[in-house]
Amino acid sequence: VSRLGAFGLSLDALCYHPQLGEFAGLAAAVPEVRMVLNHAGMPVGAGPYSGRRDEVFRDWRARMAEVAHCSNVHVKLGGLGTAVCGFDFHARSRPASPAELAAAWRPYIETCTELFGARRCMFASNFPVDKTVAGYRVLWNAFKRIVAGASRDEKRALFQDTASTFYRLAVA
């Protein structure tokens, strides 16, 4: 991983929430390497974590706070629609609405923006995987609902600036 920094490259990582301590250790060991934690730290709500959402949320939040101390880490806010997160949207007979997704995901997205700040968070779609939950527009409308009360600068960071800066993209 340290070689990535030597070449000016970054690391995108997918970790399940029980692995976040190890990820924080990695990020702290190589502070010169810019990293992105995908899927909001993947709070697991399936398998042995099924039916334990409150407990998982508390554990996930504590681990995310540890990761947030590593200033070289940014977070992608997306991917919460995957079945491993334990929301039942994929099993329904009809797609989720923006309001339903926003209600379910708000605590996770608001926690990430609280811990990392909008300048270290970026929305991400995780398509086509998230298509099992809702359509592309529905997903982005859910994100808009979640941050409706955010400032203009925070919204700009979450929807554009953080990603374009982190990945060194020219946005017209």
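We count residues from 1, following the sequence as given.
- The closest donor-acceptor contact from the side chain of Asn38 to the backbone of Asp12 lies at 3.5 Å or more, if one exists at all.
- Judged by distance alone, with hydrogens and angles left aside, the side-chain atoms of Thr165 form no donor-acceptor pair with the main-chain N or O of Thr162 at under 3.5 Å.
- At distances below 3.5 Å, not a single donor-acceptor pair connects side-chain atoms of Lys76 with backbone N or O atoms of Cys121.
- Using modelled atom types, one side-chain atom of Arg106 and one backbone atom of Ile146 make a donor-acceptor pair closer than 3.5 Å.
- Closest of all the heavy-atom pairs between Ala13 and Phe23 is CB-CE1, 3.6 Å.
- A centroid separation of 6.0 Å or more is found between the aromatic rings of Trp105 and Tyr108.
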Exercise. Checking salt bridge (Lys or Arg N to Asp or Glu O under 4.0 Å) for the pair Asp54/Arg58: CA distance, chi angles, key distance, verdict?
Worked result: CA-CA 6 Å; Asp54 291 342; Arg58 285 189 302 273; 5.2 Å; no
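- If you check the side chains of Asn141 and Tyr136, you find no donor sitting under 3.5 Å from an acceptor.
- For the atom pair His90 NE2 and Cys85 SG, the distance stands at 10.5 Å (nearest 0.5 Å).
- Using a 4.0 Å cut-off between a side-chain N of Lys or Arg and a carboxylate O of Asp or Glu, Glu100 and Arg92 qualify as a salt bridge.
- Looking at residues two or more places apart in sequence or on another chain, you find no side-chain contact (heavy atoms from CB on, under 4.5 Å) involving Ala62.
- Side chain of Asn72 to backbone of Val33: a donor-acceptor contact under 3.5 angstrom is found.
- Between the side chain of Thr113 and the backbone N or O of Ala118, no donor-acceptor pair lies under 3.5 Å.
- Ion pairing of Glu114 with Arg61 is present here, as a side-chain N (NZ or NE/NH1/NH2) and a carboxylate O approach within less than 4.0 Å.
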For this session: Check the pair Leu9 / Arg34 against side-chain contact (heavy atoms from CB on, under 4.5 Å), numbers first and verdict last.
Result: CA-CA 7 Å; Leu9 300 173; Arg34 298 173 313 116; over 6 Å; no
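- Side chain of Glu55 to main chain of Arg52: no donor-acceptor pair is present (N/O by atom type, distance under 3.5 Å, no hydrogens or angles).
- Within a 6.0 Å radius of NZ in Lys131, other residues, nucleotides and ligands contribute 12 heavy atoms or fewer.
- In this structure, Phe143 has its ring center at least 6.0 angstrom away from the ring center of Phe159.
- Within the cation-pi definition used here (under 6.0 Å to the ring centroid, within 45° of the axis), Arg53 qualifies as a partner of Phe87.
- Between Phe166 and His74, the ring planes are tilted. Angles from 30° to 60° get that label.
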For this session: Please test Leu77 against Met122 for side-chain contact (heavy atoms from CB on, under 4.5 Å), starting from the C-alpha separation and ending with a verdict.
Result: CA-CA 6 Å; Leu77 306 175; Met122 60 187 99; over 6 Å; no
